[in-house]
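Below is one structure, written out as structure tokens; the observations come after it.
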Amino acid sequence: TLYGADVYVDPDCQGRGVGAALYEARRRLCKNLNLRRILAGGRLSSYDKLADELTPESYVQKVKDGELRDAVLSFQLREGFTVRGNVIHDAVEDLMRVTGDSFDGTIEYNRFFDMHPTDSRKQGKGYTHSDSLQMFAQDGKTPHSIVIRRNHIYDDPKTGAPTVTPQGIFLADPGPGGYRDILVEDNLIAVRSANSIYVGGGQHNVIIRNNTLIPGPQDGGAVIRLANKHKWTNEGTTVTANVTKLIMDESKRSSVSGNHQYGRKAPLARYFGGSGRNWQDFLPPQQSPIKLGANLGADTYLQMLVEQNSE
């Protein structure tokens with residue numbers, strides 16, 4: 001590990017690419033020393049102005065969502081980021097958004113738990129549409145070079161408006177060129193939406209592999225949807241080795257192979273140990289046609305969790 005305390009650029013030299021050059025030099029040093037990662041601290045440079053109004057966590061979230069700009073954190077997020085080991089839960093709207101020119105990011109080992117969408121359309125108002133993790137373009141720039149790995153996504157069907165179904169991992173509305181270099185793997189997903197994993201515009205090296213999906217009540221969800229919208233073909237998307245109810249390849253331009261689709265109205269008790277609220281629910285029972293070690297679904301991640309919890 002290469003440890004860093006802070007990177008600071010003289011105010012007279014800011015805006016000239018000096019900070020980006022320093023970050024790139026740090027990455028080159030890490031590679032030259034054959035180190036696995038960079039671990040660095042950072043300041044919330046403008047938080048003091050809003051400390052009476054926002055908690056640090058709320059401030060960080062607003063910066064990530066693009067609602068606020070912080071000279072240090074906004075720059076760091078553009079230069080690459082890791083969101084790891086968090087419990088992100090109980091929001092009316094999306095639990096996490098990755099937008100615009102976000103790249104070199106890793107989102108892993110998080111628990112996305114429960115969304116609370118609202119629906120006031122009968123009262124002549126709108127509704128909130130919640131995703132666990134949503135990506136979209138901003139100012140013509142699209143997130144790229146991002147790994148979404150080994151997250152546990154669960155939505156409690158008893159909370160939130162029953163007329164709105166929260167979605168899982170949602171990649172939509174890209175800018176010119178579409179999505180590129182996105183890896184979604186080894187995730188455990190249990191939501192009610194047909195957009196459990198949704199890809200719209202996966203044009204270059206978008207890989208959806210080894211995810212396990214459990215449907216919600218009334219057999220809703222557990223669908224990987226490759227959408228044919230806004231002239232995007234998803235021709236650069238590969239879907240393989242997933243365990244899911246259904247894969248909807250709407251444009252027929254993606255590479256889809258080696259998945260286990262258990263189908264609608266499947267005897268779920270044969271496949272899974274529960275509703276998906278806990279990671280153990282994703283373990284295949286003894287009578288399941290899918291066995292641990294078969295490299296289907298989030299097999300490697302589940303085996304790792306079993307080992308960790310048996311010590």
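Both backbone and side-chain heavy atoms feed into the values below; hydrogens, waters and symmetry mates do not. As the structure is a computational prediction, the values presented were derived from the model and not from experiment.
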Stepwise side-chain hydrogen bond (donor to acceptor under 3.5 Å, both in side chains) test for His116 and Asp90:
CA-CA 6 Å; His116 301 257; Asp90 296 293; 2.6 Å; yes
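- Under the 4.5 Å side-chain heavy-atom criterion for ILVMFWY residues, no single connected hydrophobic cluster contains both Phe112 and Val92.
- In this structure a side-chain-to-backbone donor-acceptor pair under 3.5 Å is present from Asn187 to Glu185.
- For the residue pair Ser275 and Ala190, the shortest heavy atom distance occurs at O-CB, 3.6 Å.
- Proximity of a side-chain donor or acceptor of Ser310 to a complementary backbone N or O of Glu307 within less than 3.5 Å is detected.
- More than 12 non-hydrogen atoms from other residues, nucleotides or ligands lie less than 6.0 angstrom from CD of Gln123.
- Between atom CD1 of residue Ile169 and atom CD1 of residue Ile208 there is a gap of 7.5 Å, rounded to the nearest 0.5 Å.
- The side-chain contact (heavy atoms from CB on, under 4.5 Å) search around Asp299 returns Leu292, Gln303, not counting sequence neighbours.
- For the pair Asn195 and Phe170, the minimum side-chain heavy-atom distance is below 4.5 Å.
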Kindly indicate, with the supporting measurements, whether the criterion ring-ring contact (aromatic ring centres under 6.0 Å, His included) is fulfilled by Tyr109 and His152.
CA-CA 7 Å; Tyr109 297 106; His152 179 191; over 10 Å; no
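- Side-chain atoms of Asn295 and Asn210, non-hydrogen and from C-beta on, do get closer than 4.5 Å to each other.
- Looking only at side-chain heavy atoms (C-beta outward), Asp104 and His144 stay at 4.5 Å or farther from each other.
- When the shell of 6.0 Å around CZ of Arg264 is examined, it contains 12 or fewer heavy atoms from other residues, nucleotides or ligands.
- At a threshold of 4.5 Å between non-hydrogen side-chain atoms, the residues Arg192 and Pro217 count as touching.
- Leu305 and Ile214 fall within a single hydrophobic cluster, where Ile, Leu, Val, Met, Phe, Trp and Tyr are joined by side-chain heavy atoms under 4.5 Å apart, directly or via other members.
- Linking Ile, Leu, Val, Met, Phe, Trp and Tyr residues whenever their side-chain heavy atoms come within less than 4.5 Å leaves Met96 and Phe113 in two separate clusters.
- Between Val98 and Gln134 there is no side-chain heavy-atom pair separated by less than 4.5 Å.
- The distance between the ring centers of His204 and Tyr179 does not fall below 6.0 angstrom.
- Between Leu22 and Val9 there is a side-chain heavy-atom pair separated by less than 4.5 Å.
- Follow the hydrophobic side-chain contacts under 4.5 Å out from Leu183 and you never reach Ile247; the two are in separate clusters.
- Side chains of Ser130 and Asp94: no donor on one and acceptor on the other come within 3.5 Å.
- Proximity of the aromatic rings of His89 and Tyr154 is defined here by a centroid distance below 6.0 angstrom, and this criterion is not met.
- A side chain to side chain contact (heavy atoms under 4.5 Å, CB included) with Arg253 holds for exactly one of Thr233, Asn228, Asn234; it is Thr233.
- Under a 3.5 Å cut-off, the side chain of Asn110 and the backbone N or O of Val83 do form a donor-acceptor pair.
- Using modelled atom types, one side-chain atom of Ser196 and one backbone atom of Ala222 make a donor-acceptor pair closer than 3.5 Å.
- Around NZ of Lys291, the count of heavy atoms belonging to other residues, nucleotides or ligands within 6.0 Å exceeds 12.
- Ring pair Tyr59/Tyr47 is perpendicular by interplanar angle, where above 60° counts as perpendicular and below 30° as parallel.
- Here the side chains of Gln167 and Tyr198 are not in contact, with every heavy-atom distance at 4.5 Å or above.
- The backbone N or O of Tyr3 sits nowhere less than 3.5 Å from a side-chain atom of Thr1 that would complete a donor-acceptor pair.
- Side chain of Asn242 to main chain of Gly297: no donor-acceptor pair is present (N/O by atom type, distance under 3.5 Å, no hydrogens or angles).
- Salt bridge Asp139/Lys141: absent, no basic N to carboxylate O contact under 4.0 Å.
- With respect to the salt-bridge test (charged N to carboxylate O, under 4.0 angstrom), the residues Lys252 and Asp249 do not qualify.
- Side chain of Asp219 to backbone of Lys265: a donor-acceptor contact under 3.5 angstrom is found.
- Salt bridge annotation for Arg150-Asp186: present, with a cationic side-chain nitrogen under 4.0 angstrom from a carboxylate oxygen.
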Verdict with reasoning, Leu68 to Leu50, per side chain to side chain contact (heavy atoms under 4.5 Å, CB included)
CA-CA 11 Å; Leu68 296 174; Leu50 296 169; 3.7 Å; yes
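- Distance alone, capped at 3.5 Å, is enough to place a donor-acceptor pair between the Asp70 side chain and the Ser45 backbone.
- Connection of Val223 to Met135 is not established within any shared hydrophobic cluster, with ILVMFWY side chains joined at heavy-atom distances below 4.5 Å, either directly or through further cluster members.
- Side chains of Leu95 and Asp131 form no contact here, defined as non-hydrogen atoms less than 4.5 Å apart.
- Put simply, the side chain of Asn86 gets close to the backbone of Arg84: a donor and an acceptor are under 3.5 Å apart.
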